[in-house]
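See structure below.
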2 protein chains.
Amino acid sequence: MTARPASKRQQPEERRKELLDATMACLARLGPRGTTGREICRQAGVSHGLLRHYFDNADNLLLETYRTMGDEFLARFEQELATHRADPWGTMDRFFAVLFSEEWASSDMLGAWAAFWTLIPNRDDIAEVGESYNRRLRELLDRALSTLPPDPGGIERGDAAAILSAVMDGLWLDYCLSPTRLTRERALELYRITLRRIAPR
Amino acid sequence: MTARPASKRQQPEERRKELLDATMACLARLGPRGTTGREICRQAGVSHGLLRHYFDNADNLLLETYRTMGDEFLARFEQELATHRADPWGTMDRFFAVLFSEEWASSDMLGAWAAFWTLIPNRDDIAEVGESYNRRLRELLDRALSTLPPDPGGIERGDAAAILSAVMDGLWLDYCLSPTRLTRERALELYRITLRRIAPR
DNA sequence: CACGTTATGAGACAAGTGTCCAACAAGAGG
DNA sequence: CCTCTTGTTGGACACTTGTCTCATAACGTG
């Protein structure tokens, strides 16, 4: 039987990215149970043999997908923090606007993130990536809070960052789980109420 | 080949509960991917043929496990709310003490909950259970907040309940993901700071 | 004790999975 | 035009999974 190529030959990095994207889509649509090496390749439109040509094994692919997702999200935040330096409150607002945008807050995203959470207890390499992501996010948040004008009636900045981080996670989770129960506008409103009350001093 | 029983015959309800517990343990230890019907039975010490005798299929078992977990957690909260009626602030504290107890906040619990979250986007029956759980938890929280003496400088009770619910989820998630980064004492401290600042008026 | 009910075990089966591998095709460089 | 590297395919293999079926043991009831 001839091995005719169904899909054109591509640059290594392109194909790698395609597989990472397919993994992401797979996790979102089918959950961790449906995310098999073969299904990922099916989704990417390549034969299942190709996976091992780019990744040592299927587990390694998952790890890199996680790392990529985290990096992309942090980069988006970083960019928001870099621009509009003169408007610190606006920066915080834009943080949350991004977080609750269609791109970042969807049942698909929830599916993918939750999938990684389930892997953390069982896989040290994945736990490490998650640890690094959380640390960097916390730093970013702390940096953003430090640009706000101090509020005499406020609280310790470290406390504010930790609480705000928790509210971020919680509201995001709630919104993704049921956008009808908690609408985007309400989520943003709740965030603003919280920030105003726990502003750093 | 004779079919000698490795495990004694049991009352139907007992065996059912054993299978539900095994499912829970499986989700926690092995994640959704490792939680197969056969593995559950292996864990419970029964043959794999028995699963279909108690549950229509493997998916149904997952659903019932989710429902059981949610019910048990809400019952625990309800009980805390029923006792010590004279001490509303203490009730709130005990809410969070339970939430961050070893029984409820562990990487095992996180594994199990996250597993269900991954299933929600793909399965309507599981989504329904989650929806019901969230609604009842919110009601419970709102009821607990209503027993607090009104704070003139506070916020709408509905807002307070929503924010506190988000903080609950967020802190719990953070703590389960990394108990060393966010210790139990610090999580409880952060909760208290938050509640004091967003008390209902 | 006999008998019917049912909880339990164990095998058969098709389908799906991860890994490995040999062949082929598509370019790059001489 | 030939050759060498490498992206790509598709099949082979052993293994696991879910479902079904049947034999068998345990128990309740008469």
Side-chain angles (χ1 to χ4, degrees), chain A residues 1-23 25-27 29-65 115 118-119 122-123 125-126, chain B residues 1-23 25-27 29-65 115 118-119 122-123 125-126:
Chain A
M1 201 59 59
T2 66
R4 67 208 182 298
S7 58
K8 297 289 174 58
R9 192 188 184 116
Q10 289 209 352
Q11 295 303 318
E13 295 134 25
E14 302 271 334
R15 187 81 338 142
R16 256 185 100 84
K17 186 64 167 56
E18 279 183 24
L19 285 173
L20 290 175
D21 287 348
T23 306
C26 230
L27 281 175
R29 285 194 315 118
L30 305 173
R33 306 191 66 158
T35 302
T36 65
R38 280 178 140 95
E39 181 60 39
I40 291 170
C41 292
R42 219 169 291 148
Q43 173 107 6
V46 299
S47 81
H48 67 269
L50 196 58
L51 197 154
R52 291 245 327 157
H53 189 259
Y54 282 98
F55 300 89
D56 294 353
N57 53 49
D59 286 348
N60 208 285
L61 174 54
L62 274 183
L63 181 70
E64 289 214 33
T65 304
T118 67
L119 297 176
N122 317 317
R123 287 188 46 188
D125 52 355
I126 294 227
Chain B
M1 200 60 58
T2 66
R4 67 207 180 299
S7 58
K8 296 288 176 61
R9 192 190 182 114
Q10 289 209 353
Q11 294 303 319
E13 295 134 26
E14 302 270 336
R15 228 338 81 93
R16 255 183 101 83
K17 187 65 168 55
E18 280 181 24
L19 286 172
L20 290 175
D21 287 348
T23 306
C26 229
L27 281 175
R29 284 193 316 116
L30 306 172
R33 306 190 65 158
T35 302
T36 65
R38 280 176 140 95
E39 181 60 39
I40 292 169
C41 292
R42 220 169 290 149
Q43 174 107 6
V46 299
S47 82
H48 67 270
L50 197 57
L51 196 153
R52 291 245 325 157
H53 188 259
Y54 282 98
F55 300 89
D56 293 353
N57 54 46
D59 285 348
N60 208 285
L61 174 53
L62 274 183
L63 181 70
E64 289 214 34
T65 304
T118 67
L119 298 175
N122 315 318
R123 288 189 44 188
D125 52 354
I126 293 224

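Every heavy atom of this structure was used, including side-chain atoms; hydrogens, water molecules and symmetry mates were not. Throughout, a chain's letter reflects where its sequence line sits, starting with A, and its residues are numbered from 1.
- Listed nucleotides: dG18(C), dA7(C), dG9(C). Nearest to the side chain of Tyr54(B): dA7(C).
- Side-chain atoms of His53(A) lie closest to dG7(D) of the nucleotides dG7(D), dT9(D), dT8(C).
- If you check every strand for non-hydrogen atoms under 4.0 Å, Gly49(A) touches a base.
- Here Thr36(A) reaches the OP1 or OP2 of dT17(C): one of its side-chain N or O atoms lies under 4.0 Å away.
- No donor-acceptor pair under 3.5 Å is formed between the side chain of Arg29(B) and the backbone N or O of Gly34(B).
- Spacing between atom CG of Leu51(B) and atom P of dT16(D) amounts to 18 Å, rounded to whole angstrom units.
- In this entry the distance linking CG of Asn60(B) with P of dT19(D) reads 11 Å, nearest Å.
- Residue Arg16(A) is classed as having no contact, given no heavy-atom separation below 4.0 Å to the nucleic acid.
- Contact annotation: Arg15(A) reaches the phosphate of dT8(D) (side-chain N/O to OP1 or OP2, under 4.0 Å).
- Distance, Leu50(A) CG to dA22(C) P: 18 Å, rounded to whole Å.
- Checking dG9(C), dT19(C), dG10(D) against the side-chain heavy atoms of Ser47(A) singles out dG10(D) as nearest.
- When the side-chain nitrogen and oxygen atoms of Arg52(B) are compared with OP1 and OP2 of dA10(C), none of them lie within a distance under 4.0 Å.
- For the pair Val46(A) and Leu19(A), the minimum side-chain heavy-atom distance is below 4.5 Å.
- One can find a donor-acceptor pair under 3.5 Å joining the base of dG18(C) and the side-chain atoms of Arg38(A).
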